[in-house]
Amino acid sequence: MVKDQHGVPLPGVTIILKGSSTGTATDASGKFKMHFIDENETVTLVFSFIGMISREVVVKDFIKENLEIVMHSEEEKLDEVIVTGMGNKSKNSFTGSATVVSRQQLMSVGTKSLLQSLAAFVPGLQIVKNNEMGSDPNTRPEILIRGRSSFEGSSNVPTFIVDGAEVDLDYVFDMDMNDVETVTVLKDASASALYGSKAAKGVVVITTKPLRAGKLRVSYSGTLRTSIPDVRDYDLLNAAEKLEYERLAGVYDDNGKFQYEKDTEYNEKFKRVREGVDTDWLSKPLRNSVSQNHNLNIAGGDEYIRYSLGARYGSEQGVMEKSKRDRYSLNFRLSYNKQDKVYVSNSTTITSVNSEESPYGTFNKYVELNPYDRAYNLDGSLNKVLSFNVPNPLFEATLGSYDRSEQFYLNNVLDLRVEVLPGFRVEGFFSLNKSKDDTEKFTSPEAHEFNNKEASESGRIEISNKKSMTYEGRVTLSYNKMFGTGTLLNAMGGANIQSSENNGNGYTAVGLYSDKLGHPAFATRYPEGATPQGSQGLERSMGLFLNANVIYDDRYFADASIRYEGSSKFGEDQRFTPFWSLGLGWNIHKEKFLNMSGTDRIKLRGSLGYTGNASFSPYQAMTTYKYDAGLDYDKGIGAIPMAIGNPDLKWERALTYNVGLDVVLFRNRLDFTLEYYNKTTDNLLLDVAKAPSVGTTTAKENMGKLLNTGIELQTRVVAISNKYLNWSLSLNMQHNENKIKKISNALEKMNEELNTAEGTLLPPPVYVEGESLSAVKAVKSGGIDPATGQEVFIDRFGNPTFVYNYWDKRTYGDSDPTLSGTFGTYLTFKGFSLNMLFNYELGATVYNQTLVTRVEGANPQRNADKRVFHSRWKKVGDRVKYKNIADQTTPDITSRFVRDEYMVNMQSLSLSYDFTPEICQKLYLSRLRVEFLMNDVFRASTIKQERGFSYPFARSFEFSLSAAF
């Protein structure tokens, strides 16, 4: 009989006689029978089952009857292995900082986004809140690992590795979670130093499902998701309130010859209000969307050759009308394994993505519309123009305008491993990634923006085409040797080369005369002064690397890595640079003085090392020129500098210190990991101001320096654990502090320009040495003067004044939270599972945009927040928070709009059931699971602010089914 670790019989387990094709499978009760020609022969049986660790059992003649085999879940094995993308390391002797997340954990939070699910389990990994784009299915998230390590946003994106090959964020964004086996996030130098210049931002290593032996298996996973727009944070005026706000704000006051027209306009709107016109504009561009995802996989093989063919179709429908993202993928994997002596595998994945933005425009257009305006005329036709000559966006949506894009990815990975001698292995690896991204945006000539323009200027089409290809080759030698009885050496060395080429072109054309002919062929010309654009980039890199890990007596261990890398991106005199790390660890629980029965693991580890960042333009170190048609000389066209080269341009490098404590107690009933890190990134590439005489105003130099320090905690408690009931609780938390240590003179000049800029609604990013990159700065406010309704400012000397001075700004906090993380509970009873997960952010300093744009800074010709009535000054003696209700000037950046946010959100609630083997057997299945899941069930915050300005947020409900035949 074959059972799992809980004693439950396993039906459908494949049993093969090693070295032959003879085999059988267990029945519904987990039992099996096999017949042997020679009953006295000693044989080896191979047991394999989906989701379980394969076992080889030597069977002798005297135990051939009543044999009982226990198989363990692969999750247990995953807990003991760290996948780095350049080999696997034992967690017991791993000195780096890494978090491993399984597919089951990811899917317990939801199937919509792999990256959003990952952030729920990894302390230190942050998905930056995007209040602008909300739940837009086509917006990629901004990801940070242990804070920002560069002034440029794109340079903070971590490196993504899928099955050993580097891919970009778009590829991961479109991956199907059903294809993932584990995700490992490498966070410090000891864990990621072998990646050299790609490691300073963190490394995310994704491993897809491995190939398994067994008879032909067909598995299916499907999800149906309903998304509902979440506009609970909007508290807008109704029709009567909005008209009264306009009256109080003086919209209908003229005191001149146009007063009669103003009164007539007011009376006409008042009549509409009395007739009951109160248009719910927020609902007009929105819908309850239905999305789906289907994954079909066919796999099988024997001890030597294994294969897998998978197909996926996913349609993500957004909550704004006609916005969507459709994904199609096909993958084929084939491997050959000769008794672990020779291993060859090839994996090919083809992915196609079609996306479309909503033709209804941005959501904030509807938020601003006045509720006393009818969307449709009384005859049923669309009301094209609304009050104050505002175009009706519903009419714009009926035109032929569109915004579409198509992406295509080809990913191929070839892996060869040969064991030359016992303990000595050679591995060859080659990957090829090719992608295309084509975008086309058409704006109808009948759109409101082209009113009063000539036909030759009406209609617009924008075309963008990008393509890239990256290939990488790597050779690795690994050696494992046990010295004596207690010293184990694991060594690995190798070299790699990589080449990446990208090309892009695009143009804008106008003069399209028909709404039905949105094609470049029907455009008549380019816009005035515009020309086609293009870009090309070619970069190459190579590196040598070496890693050694020594374990003594299973108690003390050390890990050292060095990588010497060169890149074409940097100056001729700085092309090559070394990266290295050193880690030490101590398994305290192995010491005799701590011989306690309830202690499973107490491990103390520490590391330091240098990693790098090379996410920049391939030509930044070179002097480049462009032709200028205005410089037409007898001997040819003249050229002017685009950028000044710098042969001494160095690599950005991050020096990281990390100390961690891993504790597992009471037979895995309690575990926690506590870590402290200190990461200094120097030689940051920044623009430095140059004299105009050199032909350009700035050039790249190594001038910046940033510091990130933080603490991370991850813990889990198994409160109840028995044959039928398991209940566990989890908590993750993280704290990161960011500090600017050095900036360039160009940034200082930019700070002054941003400080003095007029008409800005939000605090601009001002970078000051000694402060955070995300510091929130504002002038201190003394409140609103009850006598005048004007704001009183407090200058830097503490004196009250009515004069605003931007140099009086002071720092009020950081937009990143002081503390953030997740907590949850997981309950299983027999085949049922109940999972709840919450995320929280504590102490973030927020500049409340709603107060600035819809309360004090509200335009009375547009709809506003209800707080305009009870929170704004109306008459002498009013003691309120906001200025005169008739004041339409842009609010100054002051502390009145600064708030500290404490937020908790129920990220997911799921209930699932795994059908018993008996029921599966009757349905001719080996596995059947159903699940119902809800995302973003509720959210509580200490500040009242609108969310989802251009695209609203959404709550989702999904039903999933997973079956194996």
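Residue numbers start at 1 and run along the sequence shown. Just so it is clear, the values below take in all heavy atoms, side chains as well, and ignore hydrogens, waters and symmetry mates.
- Among all heavy-atom pairs drawn from I82 and A98, the shortest one is CG2-CB, 4.1 Å.
- At least one side-chain heavy atom of V185 sits less than 4.5 Å from a side-chain heavy atom of L118.
- No side-chain donor-acceptor contact under 3.5 Å links N678 and T709.
- Here R103 pairs with E181 in a salt bridge; the nearest charged N to carboxylate O distance falls below 4.0 Å.
- A salt bridge links R146 to E675: one of the charged nitrogens lies within less than 4.0 Å of a carboxylate oxygen.
- Heavy atoms from other residues, nucleotides or ligands lying under 6.0 Å from NZ of K944 number more than 12.
- Between the side chain of Q714 and the main chain of V122, no donor-acceptor pair closer than 3.5 Å is present.
- Here salt bridge (charged side-chain N to carboxylate O under 4.0 Å, His left out) pairs that include residues 657-667, with residues two or more places apart or in two chains, are K603-D662, R605-D662.
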Begin from the C-alpha positions of Y677 and E712 and carry the test side chain to side chain contact (heavy atoms under 4.5 Å, CB included) through to its verdict. CA-CA 9 Å; Y677 62 87; E712 299 170 357; 3.5 Å; yes

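- Looking at S815, its side chain does come within 3.5 Å of a backbone N or O of S774 through a donor-acceptor pair.
- E591 and H589 share no donor-acceptor pair across their side chains, judged by distance under 3.5 Å alone.
- To the nearest 0.5 Å, atoms CG (N293) and CZ (R327) are separated by 8.5 Å.
- In the model, S607 has no side-chain atom that pairs as donor or acceptor with a side-chain atom of N658 under 3.5 Å.
- When atom types are taken as modelled, the side chain of S117 and the backbone of M107 share no donor-acceptor pair closer than 3.5 angstrom.
- Of the possible polar contacts, one joining the T159 side chain to the K198 backbone as a donor-acceptor pair under 3.5 Å is found.
- A side-chain N or O of D559 and one of N547 form a donor-acceptor pair less than 3.5 Å apart.
- Between S910 atom OG and M934 atom CE the span is 11.0 Å, to the nearest 0.5 Å.
- T84 contributes atom OG1, which lies 7.0 Å from atom CZ of F94 (distance to the nearest 0.5 angstrom).
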Pair T942-E901, side chain to side chain donor-acceptor pair (under 3.5 Å): steps then yes or no: CA-CA 6 Å; T942 56; E901 183 178 28; over 6 Å; no

Candidate pair S561 and W580, rule side chain to side chain donor-acceptor pair (under 3.5 Å), full reasoning: CA-CA 5 Å; S561 299; W580 57 268; over 6 Å; no

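- With hydrogens and angles ignored, the 3.5 Å screen pairs a side-chain donor or acceptor of N722 with a backbone N or O of L725.
- Under the 3.5 Å distance criterion, with hydrogens and angles disregarded, no donor-acceptor pair is assigned to the side chains of T349 and N411.
- When every heavy atom of E841 is checked against every heavy atom of P817, the shortest pair comes out as CB-CB, 4.0 Å.
- Remark: side-chain polar atoms of K201 are paired, donor with acceptor, to backbone N or O of V157 under 3.5 angstrom.
- Taking the six-membered ring wherever Trp is involved, the centroid distance between the rings of F823 and F838 falls below 6.0 Å.
- Checking V768, I740, D814 one by one against L773, the side-chain contact (heavy atoms from CB on, under 4.5 Å) holds for a single residue, I740.
- At least one donor-acceptor pair closer than 3.5 Å links the side chain of N708 to the backbone N or O of R148.
- A donor-acceptor pair shorter than 3.5 Å cannot be found between the side chains of N935 and S908.
- Of the listed residues (N178, T223, D179), just one forms a side chain to side chain donor-acceptor pair (under 3.5 Å) with N295, and that residue is D179.
- Salt-bridge check for E472 with R474: passed, with a basic side-chain N closer than 4.0 Å to an acidic carboxylate O.
- With hydrogens and angles ignored, the 3.5 Å screen pairs a side-chain donor or acceptor of R669 with a backbone N or O of A719.
- Atoms OG and CG, on S113 and D174 in that order, are 10.5 Å from each other to the nearest 0.5 Å.
- For R653 and Y610, the positive end sits near the middle of the six-membered ring, less than 6.0 Å away and at most 45° from its axis.
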Please test D163 against T208 for side chain to side chain donor-acceptor pair (under 3.5 Å), starting from the C-alpha separation and ending with a verdict. CA-CA 7 Å; D163 290 336; T208 58; 2.6 Å; yes

Under the side chain to side chain contact (heavy atoms under 4.5 Å, CB included) rule, what do F832 and S912 come out as? Steps first, then yes or no, please. CA-CA 6 Å; F832 289 95; S912 63; over 6 Å; no

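- For the pair F160 and L115, the minimum side-chain heavy-atom distance is below 4.5 Å.
- When every heavy atom of Q945 is checked against every heavy atom of Y847, the shortest pair comes out as OE1-O, 3.8 Å.
- N433 places a side-chain N or O within donor-acceptor distance of the main-chain N or O of E166, the cut-off being under 3.5 Å.
- Between R955 and D936 there is no salt bridge, since no side-chain N of the basic residue sits under 4.0 Å from a carboxylate O of the acidic one.
- In this structure, L665 CG and D671 CG are separated by 8.5 Å, a value rounded to the nearest 0.5 Å.
- Heavy atoms of other residues, nucleotides or ligands lying less than 6.0 angstrom from NZ of K129 number more than 12.
- Note on K705 versus E769: no salt bridge recorded, every NZ/NE/NH1/NH2 to OD/OE distance being 4.0 Å or above.
- Expressed to the nearest 0.5 Å, how far CG of N138 lies from CZ of F173 amounts to 7.0 Å.
- Taking both residues in full, the closest heavy atoms of F121 and S108 are given as CZ-OG, 3.8 Å, listed atom of the first, atom of the second, then distance.
- Put simply, the side chain of T715 never gets that close to the backbone of L731: no donor and acceptor are under 3.5 Å apart.
- No side-chain donor from either of D816 and N736 sits under 3.5 Å from a side-chain acceptor of the other.
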Verdict with reasoning, H735 to E737, per side chain to side chain contact (heavy atoms under 4.5 Å, CB included): CA-CA 7 Å; H735 166 74; E737 291 185 5; 3.2 Å; yes

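- Relative orientation of the Y171 and Y409 rings is perpendicular, given thresholds of 30° and 60° on the angle between their planes.
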Working for side chain to side chain donor-acceptor pair (under 3.5 Å), residues T95 and S190: CA-CA 7 Å; T95 63; S190 182; 2.7 Å; yes

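- Remark: R947 does not engage E132 in a salt bridge, criterion side-chain N to carboxylate O under 4.0 Å.
- The residues E958 and K112 are annotated as not salt-bridged, no charged nitrogen and carboxylate oxygen being separated by less than 4.0 angstrom.
- Residues A191 and L186 share a closest heavy-atom pair of O-CD1, 3.5 Å.
- One finds no salt bridge joining E931 and R225 here, because no Lys/Arg side-chain nitrogen approaches an Asp/Glu carboxylate oxygen to under 4.0 Å.
- Contact between T811 and A775 at its shortest, heavy atoms only, is CG2-CB, 4.0 Å.
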